[in-house]
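These numbers come from a predicted model, not from an experiment. Naming convention: chains lettered A, B, ... in sequence-line order (proteins, then strands); numbering from 1 in each chain.
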There are 2 protein chains.
Amino acid sequence: MVGVSRSAVSFAFNSPERLSVATRDRIFAAAKELGYSPNTLARMLQAGQTQSLGVLLPQNLAKIMENPYYARFLTGVGQVCDEQGFTLLLTPPLRDSMLKAIPYAAVDGFVVCGLEHDRGEVAELQRRGIPFVLVDSSPWADVPSVDVDDESGAREVTRHILELGHRRMALLSIDPGPERAERGYRGPLARRMAGVADALSQVGMDLKDINLVEVPATRMDGYRAAKALMATAEAAPTAIIALSDILAFGAVDALHDLGLRVPEDVSVTGFDDLPESAWLRPRLTSVRQAIAAKGRTAADFLISAIRGEDQHPHQLLGTSLIVRDSSARVPAAQSTGLPNA
Amino acid sequence: MVGVSRSAVSFAFNSPERLSVATRDRIFAAAKELGYSPNTLARMLQAGQTQSLGVLLPQNLAKIMENPYYARFLTGVGQVCDEQGFTLLLTPPLRDSMLKAIPYAAVDGFVVCGLEHDRGEVAELQRRGIPFVLVDSSPWADVPSVDVDDESGAREVTRHILELGHRRMALLSIDPGPERAERGYRGPLARRMAGVADALSQVGMDLKDINLVEVPATRMDGYRAAKALMATAEAAPTAIIALSDILAFGAVDALHDLGLRVPEDVSVTGFDDLPESAWLRPRLTSVRQAIAAKGRTAADFLISAIRGEDQHPHQLLGTSLIVRDSSARVPAAQSTGLPNA
DNA sequence: ACCCATTATTAACATGTGTTAGCAACGTAC
DNA sequence: GTACGTTGCTAACACATGTTAATAATGGGT
C-alpha cells in the first residue's frame, strides 16, 4: 500500500531514526488506516524471548488462588516481575499432568513449585533448555533451588507444645498425594515430619504415639478433620499441630463450633505464618517462613538463569516460631494419667 | 538427519497415522537423540491461538496478589481456565501503562479489570481485534461486560447503619486515582458513592454531612485512616462504612488498638464480603458480591468471544447485605444531640 | 564530469511451525 | 498391459516478524 518493503515497516516501529521522516510518516499513516500493529507472537518468536515468567503449579488454578499461601508466594514472584517488566503466566496441570502443560506455556523460564529433581517435568525442562528454579523441593547439585528449613521449624513448634505439657496430640498434616505410596514423604512435608519426629524423640515419644491425619490443605478439610478428631471422646487431643495455617484456621473454627475454647481447652498451632494468622482471634501460634521472600528469591534466580549469569544457586531460608495466643499449658484436668506426663 | 522433510516431522507429532510406522519411529528416535521438540511460540503463531487467557490489571502484580479481592476474582477466572485447559497470564501495567503492556501479552483474549469503555486500552484491543470483556466498568452497548449492582449494595448497608441510629459516620473509601480530577467518580466507585448518597438523602442527609476519607485499598491504609478518624476527639464517628473489606479489616484492628470495642463503641461495615470477613472476630457486616462468580462469568464470556459465538453479552450481578457482628445500635451516650437523631 | 561519502531503502535470510495440493510408487482389477 | 485408486511422502506456501549486508539515491567537493 505504501510501496515500501516489510523491512521498512519494521524499521518504522523499532528504529525510526533509520528512516526518513517522510517515509516513516507515510508508513504510520497507512498502519493507522489498516489497523496494523506488529504481531506479538511473531515478535516473540523472532526475538526468542517472551518477557514472561511461568509458574508451574501442582494444582488447578482455582485451588491455587484460593490458597493464601500461594497468594503470598506469588506476591514475591510478582515483585520481581514488576521490577523487571515481566508478565506472569500461571501454568496449572493440563489434564492432570504438569508435564503436558509445559509445551503450552510461552515463557522464558519456570518457577517450579513442589517438585523433586527426579521428576519427569524437570528432565523435560532440561531437555528443552528452558531455565527453571525448583521451589519447595530438596537441594540437588545441578539444579537451582530455593528451600525452607522446615525441619527446624517443625521441631521448634512441636517442642513448644511438648513444653506446655501436652502429650495427647494430633498432627494435622497435608495429604502427600498418590506419589507417597511409592516414594514415601518428600520435600517440605518429609522435613516437617522429620522435625516433629525429632522433637518427639527427645521426650521418648514417637510419631506412632500421636494421631496423624492427612487431608488436602484447605480450610474446609481442616474444619472437618478437627471435628472428627475431637469426636473420639476419650482420646481427644489437647493440642493440634497443623502443618499448614489454613488447616489450623479450619481447626480453630471447628473447635469454636464444638464449644471448645482455644487455647484454654485445646491448643492449636499452624505452619507458614500467613498474614491472616495475626488477624484472627485468637491470634495463631505458627512457624514463620518468609513466603514472599521465597518467591522473590526464586524469581531472582530465574531471571539470572534466563540472562545466563549465575549457574546453579541454592538458597535455604530459615524459619522461626511465632508464639501467639492459640497455644497454652495443657488443661490441668487432662494433664494426669497420660504417657510421659 | 533422518532424510525426511520437515512436513514429515510435523506429521509424526500431530497426525502420526499419516506416516508409516517405520518412518515415524525413525523420526522419533532422531528427535530423542537431538533433544528436539516442537517450538511453542512457532506453534502458537501458526495456529493463531495460545490457549491462554490474559487478565489486564490496573496495578502492579505485588499489589494485586496481596489483595484478597483479586485472589477471589482470579479463583473464578481460574475455574474456567481449568475447565477449558487454558493458562492464565497476569498482565500488570508496563512502566505504569496498561496500554504498553498489551503488545507483550501472548493471549487469546483479555479480561480487563476496572476500565471504562472510553479508555485507550479498550480502543487498542478493538483495533487489534483481540477479544475482551470489561469487568467492574459500566455497561456499554458494543462491549461485553460484567458488572455488579454496587449502588443497591451501598444503599442497603448505609441504610442499615442509619437504621441503627448512627448519624455521625465516616465513609472510608478507595482512592479513585488521578483520573478522578478530570472525570469524576466512575464505575463501581461512582455507583457505591451514589448508593450511599441515596440512602443518606432518605433521612435528609448528604455526603457533605459525613466524613469522607479516600485511601488506597490496603489493610494498612485502612488501619491508619481509622486511627486518624478517631483522633478528632469531639467529632469521632460512631460508625465507619468502608467501601472495601480490607479497609474494614484494618479499621477494626485500629479500633482494637485504640481500646475501642467493635461494635459496642464503633460499628464497622465492609464491602465485598471476602471469605476472611467471616473468619475474623467480630465477624464483619459486609455487602456480599459474588466475586468468584464475576470472574467465572467474565471468563465464560471471553471464551465465547474467542470462539466467535455470542456477541456482546452483559451481566449485572446482584449484591446482598450480610449482617454479622461488627454493626450495632449507636451507643446511648452518643445518640443524643446529633443532627437528625 | 567524476568520484566519494553518506543516507535511505531493500533483498535475503533466520526464527519454527502447520497445511494443502500434488507427485511418485505400488498394487490391483480387468 | 493399462487404467485406477491408495499409500507415503514432499514442495511450496502461510503464519509475521527482526536483522544484516548489500544496493540505490543523493549531495558535495574537485
Nucleotide [N], atom [atom2] - distance to [atom1] of [X] in whole Å:
X	N	atom1	atom2	result
B/Asn39	C/dG16	CG	C1'	6 Å
A/Ile27	D/dT17	CD1	P	13 Å
B/Met44	D/dA16	CE	P	15 Å
A/Leu45	C/dA14	CG	C1'	9 Å
A/Gln49	C/dT15	CD	P	16 Å
B/Gln46	D/dT17	CD	P	15 Å
A/Phe11	C/dA11	CZ	C1'	12 Å
A/Tyr104	C/dT17	OH	C1'	13 Å

Report which part of the nucleic acid B/Ser37 touches: base, sugar-phosphate, or nothing (heavy-atom distance under 4.0 Å, all strands).
sugar-phosphate

Identify whether any heavy atom of A/Phe13 sits under 4.0 Å from a base atom; if not, whether one sits that close to sugar-phosphate; answer base, sugar-phosphate or nothing.
nothing

Check whether any side-chain nitrogen or oxygen of B/Asn14 sits under 4.0 Å from OP1 or OP2 of C/dG18, and answer yes or no.
yes

Please tell me if B/Arg43 has a side-chain N or O lying less than 4.0 Å from either OP1 or OP2 of C/dG16.
no

Heavy-atom nearest pair, A/His117 first then A/Ser137, reads N-OG, 4.0 Å

What nucleotide among [options] has an atom nearest to a side-chain atom of [X]?
X	options	answer
A/Ser10	D/dA16, D/dG18, D/dA14	D/dG18
B/Thr23	D/dG8, D/dT10, C/dG18	D/dG8
B/Ser7	D/dT19, D/dT10, C/dG18	D/dT10
A/Ala8	C/dT19, D/dG18, C/dT10	C/dT10

Would you tell me whether [X] and [Y] have side-chain atoms, one donor and one acceptor, within less than 3.5 Å of each other?
X	Y	result
A/Gln84	A/Arg307	yes
B/Gln51	B/Thr87	no
B/Arg128	A/Asn39	no

Output the distance between atom SG (A/Cys81) and atom CD1 (A/Ile303), rounded to the nearest 0.5 Å.
6.5 Å

